[in-house]
Amino acid sequence: MTLRIYNSRTREKQDFTPLDPGQVRMYVCGPTVYDYAHIGNARPVVVFDVLARLLRLEFGAKHVTYVRNITDVDDKINARARAEGVPISEITARTTAQFHADMAALNALPPDIEPRATAHIAQMIAMIETLIARGHAYAADGHVLFHVPSMPEYGRLSGRDPKEMLAGARVEVAPYKRDEMDFVLWKPSDAATPGWDSPWGYGRPGWHIECSAMSFAHLGASFDIHGGGIDLIFPHHENEVAQSTCANGAGTFARYWMHNGYLMVDGRKMSKSEGNFRTVHELLAKAPGEALRLQMLTTHYRQPFDWTQTGTQEAKTVLDAWYRLVDGVKAEAADIAAGVRAALEDDLNTPLAIAEMHRLAHAANQGAPGAAKALRASGEILLGLFALTAEQWFHWRPPGQKLDETEIQEQIDLRIAARKARNFAEADRIRDALASRGIQLEDGPGGTTWKAVS
RNA sequence: GGUGACGUGGCGGAAUGGUUACGCAGCGGAUUGCAAAUCCGUCUAUCCCGGUUCGAUUCCGGGCGUCACCUCCA
């Protein structure tokens with residue numbers, strides 16, 4: 001029952017002891033809502049969903065507060081709105097709904113609180129005023145900038161030396177900056193760009209301040225875990241640390257930093273120019289969400305993940321086997337396998353947890369008492385699997401490709417009759433005909449069932 | 001140029017100073033009318049070179065290789 005997590009800040013695995021065991025607090029950077037979530041957006045959602053599930057088991061569901069924000073103010077959103085000729089609210093509302101649907105398909109539970117940036121502009125302005133008052137920020141030319149040299153510790157989280165970074169950096173230095181490293185807290189908006197009134201004129205927040213303001217608003221100055229993708233460690237998280245600790249006091253803010261590794265596709269960085277960009281939405285058209293989720297968990301969260309079609313197929317095959325065992329099995333938290341739990345308690349070692357699941361499945365197939373229950377409880381409660389019935393799982397088809405289940409059953413009945421008459425030629429003909437349509441039959445002790453294969 | 005991660009069997013992917021990870025795929029067998037599913041069995045591995053050690057895949061050094069980041073991409 002000792003949870004250990006790797007803390008990016010100290011670069012070592014540590015025992016997890018919450019500030020307040022009665023209220024464990026976690027903040028994870030959520031999406032900027034301007035387009036469909038891609039598979040890289042989904043990784044932190046799934047990873048920290050497993051962590052949230054584990055924390056709820058360890059400390060009790062009511063004693064965990066999981067916050068994941070929606071960033072609904074951003075220049076990419078503005079650009080998209082301009083391109084489509086619609087208000088940004090239309091872009092953000094639509095994209096947020098898509099995000100929720102996609103993450104739900106991956107069995108990721110909603111966070112306890114999902115704050116939106118546009119609902120926290122006042123808090124951002126207040127924090128910026130504090131930073132100015134404390135000498136960590138200054139207004140210049142309609143902008144407000146965080147003055148990096150005012151914080152000697154800057155760069156500690158990401159392990160970067162600001163001076164060395166400048167050597168090879170391709171930074172265009174705006175004339176109003178006192179130091180090349182200074183970053184924007186607030187910037188002016190013209191009439192055509194969304195903005196809010198502020199002490200520095202009509203404008204909008206810079207990129208990093210929203211997470212500082214929202215974590216403070218919902219979790220307080222200090223909280224336990226801050227998560228996100230490793231690509232965010234610099235500059236986003238570094239700047240969050242700068243903003244929050246300079247505004248709220250040294251020693252505040254996140255105590256454990258967790259970063260998931262990069263996501264690649266077919267061995268390469270995923271990018272639109274590479275042509276290997278994958279949205280969750282389009283992947284869900286090819287495989288059930290649970291297969292994508294299990295695939296995502298086969299690699300430890302801190303390792304780079306290579307997304308492949310083969311990997312999806314493998315995850316599907318594994319779930320085929322598990323679904324055969326857990327269907328109709330009732331299980332509760334007490335049934336969770338110690339091995340699965342222990343694996344997750346060791347810095348969220350999901351590959352090891354999955355190996356334990358395989359052992360349980362094997363034991364269940366051999367008839368070991370309790371194994372199927374343990375498999376279901378571990379998968380359902382901790383890993384976030386088995387949300388479907390076995391029938392739903394095996395009959396899954398891509399959206400829009402409905403099968404005529406009644407007709408399939410009729411064929412199966414005809415085949416059963418043929419088999420009874422020992423007319424195996426006819427029985428095999430029916431089976432082959434169904435197989436050619438992607439319907440695979442299985443004659444089990446309880447009768448004939450079928451599954452859709454691709 | 002700076003920083004970081006990583007190199008395990010056909011593939012995916014853990015762990016570990018000394019004893020088969022696990023899965024997918026393959027192969028042999030059982031079962032089945034034949035299949036499917038399941039069971040039993042089985043093949044293949046720790047990038048290279050040094051060092052420490054009784055012993056290294058694991059620790060240290062060097063090399064080679066891959067990937068990523070260095071201001072708005074999770």
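Within every chain, numbering begins at 1; the chains are lettered A, B, ... in the order of the sequence lines, protein sequences first and strands thereafter. Scope of the values below: all heavy atoms of this structure, side chains included, with no hydrogens, waters or symmetry mates.
- At whole-Å resolution of the value, NZ in A:Lys13 and C1' in B:U16 are 12 Å apart.
- Atom pair A:Phe305:CZ and B:C67:C1' shows a separation of 16 Å (rounding to whole Å applied).
- Residues satisfying the ring pair (Phe, Tyr, Trp, His ring centres under 6.0 Å) test with A:His237, not counting sequence neighbours, are A:His226, A:Trp257, A:His259.
- Atom CG of A:Asn365 and atom P of B:C22 are 16 Å apart (whole Å).
- With hydrogens and angles ignored, no donor-acceptor pair closer than 3.5 Å exists between the side chain of A:Asp306 and the base of B:G12.
- When heavy atoms are screened at a 4.0 angstrom cut-off, A:Arg68 is found touching no nucleic acid atom at all.
- Counting only residues at least two apart or on different chains, the side chain to side chain donor-acceptor pair (under 3.5 Å) pairs with a member in residues 287-298 of chain A are A:Asp49-A:Arg293, A:Asn107-A:Glu290, A:Glu290-A:Tyr323, A:Gln295-A:Thr312.
- In the region residues 284-298 of chain A, proximity to RNA chain B at under 4.0 angstrom, judged on heavy atoms, holds for A:Thr298.
- Between the side chains of A:Tyr138 and A:Asp182, a donor-acceptor pair is found at a separation under 3.5 Å.
- Distance A:Leu232 CG to B:G4 P: 19 Å, rounded to the nearest Å.
- Salt-bridge annotation for A:Asp224 and A:Arg255: present, with a side-chain N of the basic residue lying under 4.0 Å from a carboxylate O of the acidic one.
- A:Leu263 comes within 4.0 angstrom of a nucleotide base, judged by non-hydrogen atoms across all strands.
- Rounded to an integer number of Å, the gap from NE2 of A:His300 to C1' of B:A14 is 10 Å.
- By the 4.0 Å N-to-carboxylate-O rule, A:Arg94 lies too far from A:Asp35 to be salt-bridged with it.
- Taking only distance into account, the side chain of A:Arg324 never meets the base of B:A37 through a donor-acceptor pair shorter than 3.5 Å.
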Could you write out each protein N or O paired with an N or O of nucleotides 40-47 of chain B at a distance under 3.5 Å?
{"residue": "B:C40", "atom": "OP1", "partner": "A:His362", "partner atom": "NE2", "Å": "3.3"}
{"residue": "B:C40", "atom": "OP1", "partner": "A:Gln366", "partner atom": "NE2", "Å": "2.6"}
{"residue": "B:C40", "atom": "OP2", "partner": "A:His362", "partner atom": "NE2", "Å": "3.3"}

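- The side chain of A:Ala355 has B:A21 as its nearest neighbour among B:A14, B:A21, B:A5.
- Closest to the side chain of A:Asn349, out of B:A25, B:A15, B:A37, is B:A15.
- Shown for residues 77-84 of chain A: no residue has heavy atoms falling under 4.0 angstrom of RNA chain B.
- Distance from the side chain of A:Asp443 is smallest to B:C34 among B:A21, B:C24, B:C34.
- Atom NZ in A:Lys187 sits roughly 7 Å away from atom C1' in B:C72 (whole-Å rounding).
- Nearest nucleotide to the side chain of A:Arg359, out of B:A25, B:C67, B:A21: B:A21.
- In this structure, A:Arg419 fails the cation-pi test against A:Phe424, since its NZ or CZ atom is not both closer than 6.0 Å to the six-membered ring centre and inside 45 degrees of the ring normal.
- One N or O donor and one acceptor, one from the side chain of A:Arg431 and one from the base of B:C34, sit under 3.5 Å apart.
- A:Ala364 is linked by a side chain to side chain contact (heavy atoms under 4.5 Å, CB included) to A:Leu325, A:Ala371, A:Ala372, counting only residues two or more places apart in sequence or in another chain.
- Salt bridge absent: A:Arg429 and A:Asp432 never bring a charged side-chain N and a carboxylate O closer than 4.0 Å.
- When the nucleotides B:C34, B:U38, B:A74 are ranked by their closest atom to the side chain of A:Arg419, B:C34 comes out on top.
- When the P atom of B:A74 is taken as reference, atom NZ of A:Lys269 falls 11 Å away, rounded to whole Å.
- Straight-line distance from the CD1 atom of A:Ile230 to the P atom of B:C69: 12 Å, rounded to whole Å.
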